[in-house]
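Chain naming here is simple, since letters A, B, ... match the order of the sequence lines and numbering starts at 1 in each.
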Number of protein chains: 2
Amino acid sequence: MHAHCSCIGMDSCVIPLRHGGLSLVQTTDFFYPLVEDPYMMGRIACANVLSDLYAMGITECDNMLMLLSVSQKMNEKERDQVMPLMMKGFRDAAEEAGTSVTGGQTVVNPWIIVGGVASVVCQPNDFIMPDSAVPGDVLVLTKPLGTQVAVNAHQWLDIPEKWNKIKLVISREEVEQAYQEAMLNMATLNRTAAALMHKFNAHAATDVTGFGIIGHARNLAQQQKNDVAFVIHNLPIISKMAAIVKAGGNLFGLLQGTSSETSGGLLICLPREQAARFCAEMKSSRVGLSGAMGHDGGAGDGQQAWIIGIVEKGNRCARIIDKPRIIEVPYRGSVVSAQEGSNNNASPPEVQLT
Amino acid sequence: MHAHCSCIGMDSCVIPLRHGGLSLVQTTDFFYPLVEDPYMMGRIACANVLSDLYAMGITECDNMLMLLSVSQKMNEKERDQVMPLMMKGFRDAAEEAGTSVTGGQTVVNPWIIVGGVASVVCQPNDFIMPDSAVPGDVLVLTKPLGTQVAVNAHQWLDIPEKWNKIKLVISREEVEQAYQEAMLNMATLNRTAAALMHKFNAHAATDVTGFGIIGHARNLAQQQKNDVAFVIHNLPIISKMAAIVKAGGNLFGLLQGTSSETSGGLLICLPREQAARFCAEMKSSRVGLSGAMGHDGGAGDGQQAWIIGIVEKGNRCARIIDKPRIIEVPYRGSVVSAQEGSNNNASPPEVQLT
């Protein structure tokens, strides 16, 4: 599920064009459904494709292609119910991103596949090459971790031997809420973060997906021009997901940062003095999806972002400190606060580094 | 296997950009292996993706993405043998096309899938919108038909009940030769034809793929600005393939023009007075693949093209005349000439309309 882009260290490709200093930036991603709602799956797939552009601070997209595989195992009625919803979700997310889906292809195959291509023609100052972190920067993350855990826990509701291992630390209702929260996060575009990267002079960024937070932090560290190391102190995690992985015996390596994320947040290297303002503006931004999802989308209904680590001098590596602070990120619309979580490491969502 | 591009009637999408009159043209295609040689399969997939650009007279491509699905049913050794060859074939064809593959993705899936995306940023005079055919034009086709028949006949060598139906009209050796010929044709880029479309003032073109010659002729007719109809008189077909479909009881509708083609030729509307010169220059062009395939690639080892029909006044439809002339296209490197074919309709490859 990870790109094999030949542009070292980037999931996006930057191709110099023959016309006036312009570059073609492209990214592609396709994967298998992981949530049950086809409409949300379409939105998530689109958000995930666009995320590679957003990680470069690119806020516009000139065109998207949608690539679909319909499962041969679905009958015609199932296809007619599922595929239009998935396509609508994809298109709606593209529209929210200010772009449109013009082109694509559908094949028949044993498994459903959904994905796409995002392309944009840029001027040099439209994008931020992810290679300029300096010691003293801080690391900001724009979505909580734990999507893989939330999606799996939701499936375990129907698998007694799995459910029995975690039911002492989480209720069925909380699993449902965590799943909804994960879905909402995965479907959220990283576009606001991309715009704020320019405003607050970001030095480098990556999106967090299949390799988990530590995998992507390492990839980003490796492509830096300066001798830097990324040290992660805080792990913002969807509420109760840390408890689940502990109850299950360190599931997915979530607390080591190796748990896969789908359509995760951006991990951004920002000058220290800019980071708090970046987070504040993320929070006050109006997020399109909230409106689309029936939330009121009013002021302050923005996206949370967390300062999770620092950039030190080092040899282009990344690590999570021993006993990182777990930030329990509450379910939106729910009354569960971080302090009420079962995890002893729980902290308020906005944390300054110690 | 056919594109569902929202740009009516075109497999390529033309997106106006925010920069100086430029357009982004993109096309995507992906499909399942149909030949046994993974290297050739890679070349064919790449040629097929690029073909949509060539049909618009676009000769350059700024970037390609390669999209692969590795079959979960292959063991590691099989993967290591097959996938690198397929990727090499794709890359070699891209290189021959003067472009490169920068980006893409690989997933695991029950079936092998190979395909890609081709993108180019163009000035307005780089491409020819496929909508300007006029009565009096002629229709030119740049590769012979019959790839589906050749590929299937090759599989039937090992299926007695199938083979018994056709063995009276073709030898095993001829099936092998036809298969090689089909493979060579499918792997040939339509790039020379694209360049000559500009030189000889083509009015419209399409590539011939999954819908067969008549399907694509109809699609092309429907998008014309003028009241035209396309009438096809001649069907250039890989030698003996017409005999096979007759022996099998009108297999695939080849003689009705409905047999699928993979990476077929361009069907081009050309001013009548230009068409013969177009065909002559195709023939004298030096085709890159010949060199790559170990042929000598000398002068005259170019691609054949045939005048196959005319553009009349009409209501944007296309048809094949009753009893079209079947042009038996000999296997290259073989001594079978058109006249020696078993088909009574056999004619010399270059035919003027009567």
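Between the side chain of H19(B) and the backbone N or O of V121(A), at least one donor-acceptor pair lies under 3.5 Å.
Taking L22(A), T27(A), V120(A), I113(A) one by one and counting their heavy-atom pairs under 4.5 Å with chain B, the maximum is reached by L22(A). Residue with the most contacts toward chain A among L17(B), N109(B), N63(B), L24(B): N109(B) (heavy-atom pairs, distance under 4.5 Å).
The minimum heavy-atom distance linking S119(B) with S119(A) is given by the pair OG-OG, 4.4 Å. The minimum heavy-atom distance linking F30(B) with L67(A) is given by the pair CE2-CD2, 3.6 Å.
Within 6.0 Å of atom CD in Q72(A), more than 12 heavy atoms from other residues, nucleotides or ligands are found, so the atom counts as buried in its surroundings. Other residues, nucleotides and ligands contribute at most 12 non-hydrogen atoms within 6.0 Å of the CD atom of E95(A).
Interface residue V117(A): only side-chain heavy atoms are found under 4.5 Å from chain B. Only the backbone of V108(B) comes within contact range of chain A, with heavy atoms under 4.5 Å apart.
Residues satisfying the salt bridge (Lys or Arg N to Asp or Glu O under 4.0 Å) criterion with E36(A), sequence neighbours excluded, are absent altogether.
A 4.5 Å side-chain heavy-atom check between Q26(A) and Q26(B) finds at least one atom pair inside the cut-off.
Evaluation of the salt bridge (Lys or Arg N to Asp or Glu O under 4.0 Å) test over residues 61-76 of chain A, restricted to residues two or more places apart or in two chains, returns D62(A)-R18(B).
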